[in-house]
Amino acid sequence: MTTTGEDHVTARGGPWWWGRRRSAVLDVGLAVVSALECGLEGIPFARDAGIPVAAGVLFGLLAGSVLVVRRHWPIAVVLVVIAITPAQMGFLMGLVGLYTLAASELPRRIIASLAGMSLVGTFIVTLVRVRQDMARGELDLGDWFVPFASVATSVGLTAPPVLLGLYVGARRRLMESLRERADSLERELQLLAERAEERAEWARNEERTRIAREMHDVVAHRVSLMVVHAAALQAVARKDPEKAVKNAALVGDMGRQALTELREMLGVLRSGGDGAGRRAGSALPLAAVGAAAAAAASRAVSEERPGGAEGPSLSEIDELVGQSAAAGMVVALSVEGEGRSYAGVVESTAYRVVQEALTNVHKHAPGAKTYVRLAHRVSEIAMQVENEPPPEAGSSARLPSGGNGLVGMKERVSALGGVFVSGPTDAGGVPGVGGDSGVVGRPAAGDGDW
C-alpha cells in the first residue's frame with residue numbers, strides 16, 4: 001500500500017501553511033541565516049547611504065526575515081529581493097526565493113517575468129558597481145571586463161536556482177500524478193474485486209439453483225409415483241394379491257432407479273466425477289459441480305435408453321405417460337404435426353416440463369383425468385398438460401410439495417427463450433400449482449431453438 005491521495009493529505013501536521021514540521025524548521029532556519037546575512041550587509045549599506053548603522057542593520061534583519069514566508073508567498077520574497085538588490089544584500093534570500101518561485105505551481109509567465117526582473121536588476125547593479133570600482137582605481141582591467149562581469153554575475157545568481165526549481169517542481173508534479181494514478185488504480189482494483197466477488201456469489205447462487213432443479217426433476221417424479229403405488233398397494237393388498245405384487249414390483253423398480261440417480265449425483269458432488277478435486281486437495285468449482293450434476297442426472301434418467309443418447313428425449317414421453325398410467329392416473333397423449341429431432345437441450349427441457357406437470361397432477365389432483373398434448377410446428381414445439389377436476393374421493397396418498405416445480409419449469413423454458421404459462425382452466429382446479437396446469441413452450445427463432 002502506498003501513502004497516497006487522502007493518506008498523503010492527512011499526513012500534514014505542520015503549523016500554519018507548512019505541511020510538515022521539518023519544513024517549518026527549515027524555513028525558520030533559512031530565515032534566521034538570511035536575516036543575519038542581510039544585517040551584516042546592512043552595515044556597509046548604511047555607511048554608503050549616510051544613515052545610522054543601527055538603521056541599516058535593522059533594515060537588513062527585517063528584509064532577510066521575509067524568507068520565512070517563501071512557501072506561502074514566493075512572489076513577495078522575490079519582489080523584496082529585487083528591491084534590495086541595489087543595496088547589495090540578500091544573496092541567500094535571492095537564491096532560495098528564485099528556487100521556491102520556480103518550483104511553485106504559479107504560471108510560467110509569472111515565473112519568467114520575476115526571474116527576468118531579478119536578472120536585469122542584478123546585471124544593472126553589477127555593471128554600476130564594477131564601473132565605480134574601476135573609476136576609483138580599485139580594478140585595473142580592460143573595458144571588456146565590465147559587461148563580462150555583469151553578465152556572469154547576473155546569470156550565475158539567477159539561472160541555477162531557477163533551473164533547479166523548475167526541475168524539482170516538474171518532478172514533484174510527476175510524483176503527485178503517479179500518486180494519484182496509483183490511488184485511482186487501487187480504487188479500480190477494489191471495485192473490480194468487489195464486482196468479481198458479486199459475480200462469484202451470483203454464479204454460486206445460480207449453480208445451487210441449477211443443482212436443486214436437476215435433483216428435483218430427476219427424483220421427485222419417481223418418488224411421487226412410489227408414494228402413489230404404495231398407497232394403491234395398501235388398498236389392494238388383501239383384495240387382489242396379484243395386483244399388490246405387481247404394484248410392489250413397480251415400487252421396487254422405481255426405488256432402485258431413484259437410488260441410482262441419487263447415488264450418481266451425490267458422487268459427483270462429493271468427488272467431482274473423476275476424483276480430481278480430492279487429489280488436488282480442494283473443492284470442485286461450483287460451476288463444474290452444477291454441470292456434472294446435470295450430466296449425471298441425465299445419465300441416470302436415461303441409463304436404460306438404447307444408443308446411449310444424452311438426456312431424456314421426446315421419444316420417452318410415451319414411457320413417462322405409461323408410468324403415470326400404471327400408477328392409476330387416466331392419461332391421454334396426443335401428438336400434432338410431424339415429429340422430428342430437436343437439439344438435445346430442447347428435447348430434455350420438453351421432457352422435464354411434461355414430467356413435472358404430471359408430478360403436480362399426482363400431488364394435487366389425484367385421480368383426475370389428464371391430457372398431454374404435443375404440437376410440432378414450423379420452427380417450434382409446444383406442450384400442454386391439462387387435467388379435469390379431481391373426483392371427490394381421490395387417492396389416499398399425501399404428497400408434500402416444496403413449491404419449486406413451476407419455478408423450475410419456468411426457468412428452464414425461459415432460459416431457452418420460450419414462453420411458459422401455468423394456471424387453472426375454466427373447469428376448476430388449484431390455481432397456479434396443481435389441478436389444472438397448462439404448459440406452452442415456443443421457440444424464438446429457428447428449428448430446435450426455444
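Being a predicted model, the structure only gives us computed values, none of them experimental.
- The main-chain N or O of Gly64 is never found under 3.5 Å from a side-chain atom of Glu37 such that the two would form a donor-acceptor pair.
- A distance-only check finds no donor-acceptor pair linking the side chain of Ser348 to the backbone of Gly344 [under 3.5 Å].
- Residues Arg71 and Leu26 meet the side-chain proximity criterion, which asks for heavy atoms closer than 4.5 Å.
- In this structure, Leu314 and Ile381 have side chains that are in contact, with non-hydrogen atoms separated by less than 4.5 Å.
- Ion pair Glu197/Arg204 flagged as a salt bridge, since at least one NZ, NE, NH1 or NH2 atom sits closer than 4.0 Å to an Asp/Glu carboxylate oxygen.
- Of the possible donor and acceptor atoms, none in the side chain of Ser177 sits under 3.5 Å from a partner among the backbone N and O of Arg173.
- Under a 3.5 Å cut-off, the side chain of Thr349 and the backbone N or O of Val345 do form a donor-acceptor pair.
- For the residue pair Pro74 and Leu106, the shortest heavy atom distance occurs at CG-CD1, 4.1 Å.
- Residues Val66 and Leu62 approach most closely at CG2-O, 3.4 Å, considering heavy atoms.
- Across Val378 and Arg340, no two heavy atoms sit closer than the pair O-NH2, 3.2 Å.
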- Query: Does the side chain to side chain contact (heavy atoms under 4.5 Å, CB included) test come out yes or no for Thr100 and Val77, once each step is laid out?
  - Reply: CA-CA 9 Å; Thr100 306; Val77 174; over 6 Å; no
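- Scanning both residues, Arg172 and Ala103, for their nearest heavy atoms gives NH1-O, 3.4 Å.
- Between the side chain of Ser34 and the main chain of Leu30, no donor-acceptor pair closer than 3.5 Å is present.
- Taking CZ from Arg70 and CE from Met93, the interatomic distance works out to 13.0 Å, rounded to the nearest 0.5 Å.
- Counting all heavy atoms, side chain and backbone alike, Ile84 lies closest to Gly90 at CD1-CA, 4.0 Å.
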- Task: Report the C-alpha separation of Met409 and Asn360 in whole Å, then their side-chain angles, then the decisive distance to 0.1 Å, and conclude whether the side chain to side chain contact (heavy atoms under 4.5 Å, CB included) test is met.
- Result: CA-CA 12 Å; Met409 284 194 288; Asn360 284 342; 4.2 Å; yes
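- Two residues are said to be in side-chain contact when any heavy atoms from C-beta on lie closer than 4.5 Å; Val155 and Leu119 meet this criterion.
- Under the 3.5 Å distance criterion, the side-chain polar atoms of Ser414 are left unmatched by any main-chain donor or acceptor of Glu411.
- Distance check, rounded to the nearest 0.5 Å: CD1 of Ile75 to OG of Ser113 gives 10.0 Å.
- A distance of 9.5 Å separates CD in Glu316 from CD in Gln323, rounded to the nearest 0.5 Å.
- Shown are Val162, Leu163, Val168, Leu166; of these, the side chain to side chain contact (heavy atoms under 4.5 Å, CB included) with Tyr99 is made only by Val168.
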- Message: Evaluate Gln384 against Tyr371 for side chain to side chain donor-acceptor pair (under 3.5 Å), listing each step before the verdict.
- Response: CA-CA 8 Å; Gln384 182 182 33; Tyr371 303 92; over 6 Å; no
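- Atom CZ of Arg199 sits about 14.5 Å away from atom CD of Glu206, to the nearest 0.5 Å.
- In this structure the side chain of Leu358 reaches within 4.5 angstrom of the side chain of Val372, judged on heavy atoms.
- Residue Ser65 holds its OG atom at 7.5 Å from CG of Leu61, rounded to the nearest 0.5 Å.
- A donor-acceptor contact shorter than 3.5 Å links the side chain of Glu347 to the backbone of Tyr342.
- In terms of heavy-atom proximity, Ala368 sits nearest to Met329 at O-CG, 4.1 Å.
- Judged by distance alone, with hydrogens and angles left aside, the side-chain atoms of Ser118 form no donor-acceptor pair with the main-chain N or O of Leu114 at under 3.5 Å.
- Note: Gln190 CD to Leu185 CG = 11.5 Å, rounded to the nearest 0.5 Å.
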